[in-house]
Amino acid sequence: QSAVADLPGKWPEVDEATVEIAVQVGSEPDDGVLNIYLPTQVPSGCAAHFSAPFFGDMSRTDIDFENPLNSLLLRTIAEKGIDVILKSLSGKGEAEAAAIIDILAPTDSDEGQRWWAAIGEVFSGREIEIESQDIALSDEGWRSLVYTSLLPALESDVVIKASLLRSEATYPVFVQALRERESGIRRIFDEVNISPEAMPEDNAATIEAIARKLHKSQEPVDWSGFWQDVESLFGKDTKPLIGKSVLLGTDNQLHSCDDRCSVFFRPRSSGSDDEVLAEGGIDDIPENLRPFIAFLNEDIQTHIPRAKGGVETTAVHRYLSTGLVQSYGVERIFSGVLVKATPKLPHDIDGTDSQLCRDILQWGLRLLQASKHSMEEPIRLLSKLSAPCVGGWFPIDETSFGPGWPGKNGAELDAYLRRTATPECSNALKRLLLPPDHPLWGGMGLSSVDLLEKAGAFNGIRLVPVTGKDWDARLPSRIGRG
């Protein structure tokens, strides 16, 4: 009664009022207006139509919401709208999901802000958070706004079509039927101050799922197009994809770039930069090393011919090189893969990681023999790899040549150490390199003598540095009397 007390005519006699909310059922939202029995020209502030006995001017073009009656009616409509959403629409079908968006989403106008303020006041009064209610229909069912996202729109969709992105999404996505209401969905998210976009790590998990599906497919896959699409999703950022199995290797398996595994661009057969491998070089990887290193599959185009000769990198190459794939380089492989993958030494010659030690050594030697560039730093790193010795696998820079190495004193050294048999000699005996024809050298022994020597393998008795702390350095003295 107080709301109508100051109104003219018979308004003060009004003791009840009926309010109604209506939405248009269809694929596209309507332009909602206020109705005073008949439509006015006043927008409702959302896609829903409101009907109530508002007090307006005769032209039906203006309703003053500073008026207590109009303010009361709007609040009542907001309360009714929230009740309808939570009790009648949520949990139903796609038409009801669309109606929720139409009622909630404010238009980008003063009327929209007025309507959202009314809704917010109702939720606040009930101590309810809008974003925590299950009012969003996703492909996984009804979820809250916090856990539901819009499907990303890709500028490039050579391979990753919207249907594929939707089917493999690893997070709840608004159903396809709400596509025409995306602008309304975004306005709701803006008002509750959260993003309607999926988190980068969620999109990365989705891309991994897509990569796995494509990899299992029997159909040909345009992997270059795949990476064009991925770049359009993440921009220049590759960090979310670190640790995801999305990189197709030359072994036709998917690999991840992470702390354990490094992926390199495949070495080329011509040119003058670090990505070029000398004739006779290799890019196939021993089985025991495959968990630690991979080369990018040649189906992913990383270089194209220049008009004036030579080659240049593609956009895909530039994107991958920002954090997922490294340029080929012997030094990089030694420091980032082979040294890191080497087991703790010394290691038993028949131990569980003996085959890994073998593959690291043989492949490392082959890389050095194929290299076209300076080997100073790779050879320094080679010294940290293990070599097969009489007593197991030891760092190369702690070894000496044993029997069977041409031009070396291995046989004499072996005989001396066995004959002397002190603890120090027994320790040195363990570090004598096995003969170059031993299977663990894989035929690389004789051809690698120079590399082994440069890496620290010794010909003869290896001297062991000692300090005063290692022996009693005090000399007795006697002072005589004259």
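Model, not experiment: these values are computed from the prediction. In what follows, residues are counted from 1 in the order of the sequence shown.
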| message | Could you measure the distance from the NZ atom of Lys80 to the CG atom of Leu73? Nearest 0.5 Å is fine. | response | 13.5 Å
| query | Between the side chains of Ser386 and Thr342, is a donor N or O closer than 3.5 angstrom to an acceptor N or O? | reply | no
| field | Cationic N near anionic O, under 4.0 Å, Asp397 to Arg380 | value | no
| said: Under 3.5 Å, is there a donor on one side chain and an acceptor on the other for Glu111 and Ser109? | reply: yes
| message | Could you walk me through whether Asp108 and Arg187 satisfy the salt bridge (charged side-chain N to carboxylate O under 4.0 Å, His left out) test, starting with their C-alpha distance in whole Å, then the side-chain angles of each, then the deciding distance to 0.1 Å, before giving a yes or no? | response | CA-CA 8 Å; Asp108 187 16; Arg187 288 195 296 272; over 6 Å; no
| said: Using side-chain heavy atoms (C-beta onward) and a distance below 4.5 Å, is Pro343 in contact with Cys357? | reply: yes
| said: I'd like to know whether CD of Glu376 has more than 12 heavy-atom contacts from other residues, nucleotides or ligands below 6.0 angstrom. | reply: no
| field | Val173 backbone acceptor or donor facing Thr148 side chain under 3.5 Å | value | no
| Test item: side-chain donor near acceptor, Asp64 and Asn70, under 3.5 Å | no
| query | Does Pro196 reach the side chain of Phe174, with side-chain heavy atoms less than 4.5 Å apart? | reply | no
| remark: Closest non-hydrogen atoms of Leu154 and Ser232, given as atom of the first, atom of the second and distance, are CB-OG, 3.7 Å
| Interatomic spacing from CD in Glu219 to CG in Leu214 - rounded to 0.5 Å | 11.0 Å
| field | Contact summary for Pro346 and Phe394, nearest pair of heavy atoms | value | CB-CE2, 3.4 Å
| request: Check whether any side-chain heavy atom of Ile119 lies under 4.5 Å from a side-chain heavy atom of Ile82, and answer yes or no. | output: yes
| Exam field: side chain Asp30 to backbone Gly32, donor-acceptor pair closer than 3.5 Å | no
| request: Please lay out, stage by stage, how Thr61 and Thr40 fare under the test side-chain contact (heavy atoms from CB on, under 4.5 Å). | output: CA-CA 6 Å; Thr61 60; Thr40 70; over 6 Å; no
| request: Only counting residues at least two apart or in another chain, list the ones meeting salt bridge (Lys or Arg N to Asp or Glu O under 4.0 Å) with Lys236. | output: Glu231
| message | side chain to side chain donor-acceptor pair (under 3.5 Å), that's the test. Do Trp115 and Ser44 meet it? Break it down for me. | response | CA-CA 7 Å; Trp115 172 237; Ser44 64; over 6 Å; no
| field | Heavy-atom donor-acceptor pair, Asp229 side chain to Ile160 backbone, under 3.5 Å | value | yes
| task | May I ask you to decide whether Glu191 forms a salt bridge with Arg186, counting only side-chain N to carboxylate O separations under 4.0 Å? | result | no
| From CA spacing to verdict: salt bridge (charged side-chain N to carboxylate O under 4.0 Å, His left out), Glu287, Arg290 | CA-CA 5 Å; Glu287 182 177 355; Arg290 290 175 186 173; 5.7 Å; no
| message | Show the nearest heavy-atom pair for residues Gly225 and Val159, with the distance to one decimal. | response | C-CG2, 3.9 Å
| field | Any side-chain heavy-atom pair of Val325 and Tyr319 under 4.5 Å | value | no
| Does Ser335 reach the main-chain N or O of Glu331 with its side chain, forming a donor-acceptor pair under 3.5 Å? | yes
| Thr313 backbone acceptor or donor facing Arg318 side chain under 3.5 Å | yes
| task | List the steps and the verdict of side-chain contact (heavy atoms from CB on, under 4.5 Å) for Ile360 and Phe334. | result | CA-CA 9 Å; Ile360 290 174; Phe334 265 81; over 6 Å; no
| Residue of the set Gln24, His49, Arg181 for which side-chain hydrogen bond (donor to acceptor under 3.5 Å, both in side chains) holds with Asp102 | Arg181
| message | Using a 3.5 Å distance criterion without hydrogens, assess whether the side chain of Arg306 forms a donor-acceptor pair with backbone atoms of Glu312. | response | no
Name each donor-acceptor pair under 3.5 Å that joins a side chain in residues 84-94 to protein atoms two or more places apart or in another chain, with its distance.
{"residue": "Ser90", "atom": "OG", "partner": "Asp134", "partner atom": "O", "Å": "2.4"}
{"residue": "Lys92", "atom": "NZ", "partner": "Ser88", "partner atom": "O", "Å": "3.1"}

| field | Glu208 and Leu254, any side-chain heavy atoms less than 4.5 Å apart | value | no
| query | To the nearest 0.5 Å, how far apart are CD in Glu197 and CZ in Phe189? | reply | 9.0 Å
| message | Take a 6.0 Å sphere around CG of Asp31 and say whether it holds more than 12 heavy atoms from other residues, nucleotides or ligands. | response | no
| request: Return yes when atom CG of Asp110 has more than 12 non-hydrogen atoms of other residues, nucleotides or ligands closer than 6.0 Å, and no otherwise. | output: no
| Quiz item: cation-pi between Arg266 and Tyr328, 6.0 Å / 45° | no
| Distance-only, no hydrogens or angles: does the Gln133 side chain make a donor-acceptor pair with backbone N or O of Glu129 under 3.5 Å? | yes
| task | Name all pairs fulfilling the salt bridge (charged side-chain N to carboxylate O under 4.0 Å, His left out) condition that reach into residues 156-179, sequence neighbours left out, sorted by first residue then second. | result | Asp139-Arg166, Glu168-Lys213
| task | Give the intermediate values and the outcome of side-chain contact (heavy atoms from CB on, under 4.5 Å) for residues Val33 and Val42. | result | CA-CA 6 Å; Val33 297; Val42 181; over 6 Å; no
| field | Residue pair Leu345 / Lys384: nearest heavy atoms and the distance that separates them | value | CD1-O, 4.3 Å
| request: Any chance you could lay out the salt bridge (charged side-chain N to carboxylate O under 4.0 Å, His left out) test for Glu79 and Arg75, step after step, and finish with the verdict? | output: CA-CA 6 Å; Glu79 291 177 340; Arg75 177 181 172 82; 3.3 Å; yes
| task | Classify the side-chain pair Gln228/Glu155 by whether it contains a donor and acceptor separated by less than 3.5 Å. | result | no
| said: Looking at Leu164, is its backbone amide N or carbonyl O close enough to the side chain of Ser167 to form a donor-acceptor pair, meaning the two atoms are under 3.5 Å apart? | reply: yes
| query | Can you tell if the side chain of Leu356 reaches within under 4.5 Å of the side chain of Phe292, non-hydrogen atoms only? | reply | yes
| request: Keeping the roles fixed (side chain from Thr170, backbone from Asp202), state whether a donor-acceptor pair exists under 3.5 Å. | output: yes
| task | For the pair Asn297 and Thr250, evaluate side chain to side chain donor-acceptor pair (under 3.5 Å) and give the outcome as yes or no after the intermediate values. | result | CA-CA 4 Å; Asn297 194 283; Thr250 52; over 6 Å; no
| query | Checking Ser321 side chain against His317 main chain: does a donor-acceptor pair fall under 3.5 Å? | reply | yes
| Nearest-0.5 Å distance that lies between atom OG in Ser245 and atom CG in Asp258 | 8.0 Å
| query | Is it the case that more than 12 heavy atoms not belonging to Asp348 sit under 6.0 Å from its CG atom? | reply | yes
| said: Are Phe264 and Arg332 packed together at the side-chain level, in the sense that at least one heavy-atom pair is separated by less than 4.5 angstrom? | reply: yes
| said: Return the CD1 to CD1 distance between Ile188 and Ile101, rounded to the nearest 0.5 Å. | reply: 4.0 Å
| query | Do you see a donor-acceptor pair shorter than 3.5 Å between the side chains of Gln369 and Arg366? | reply | no
| remark: In terms of heavy-atom contacts, Thr206 and Tyr171 come closest through OG1-CE2, 3.4 Å
| query | Side chains of Pro286 and Trp363: closer than 4.5 Å at any heavy-atom pair? | reply | yes
| message | Measuring from atom CZ of Phe50 to atom OG1 of Thr76, what distance do you get when rounded to the nearest 0.5 angstrom? | response | 12.0 Å
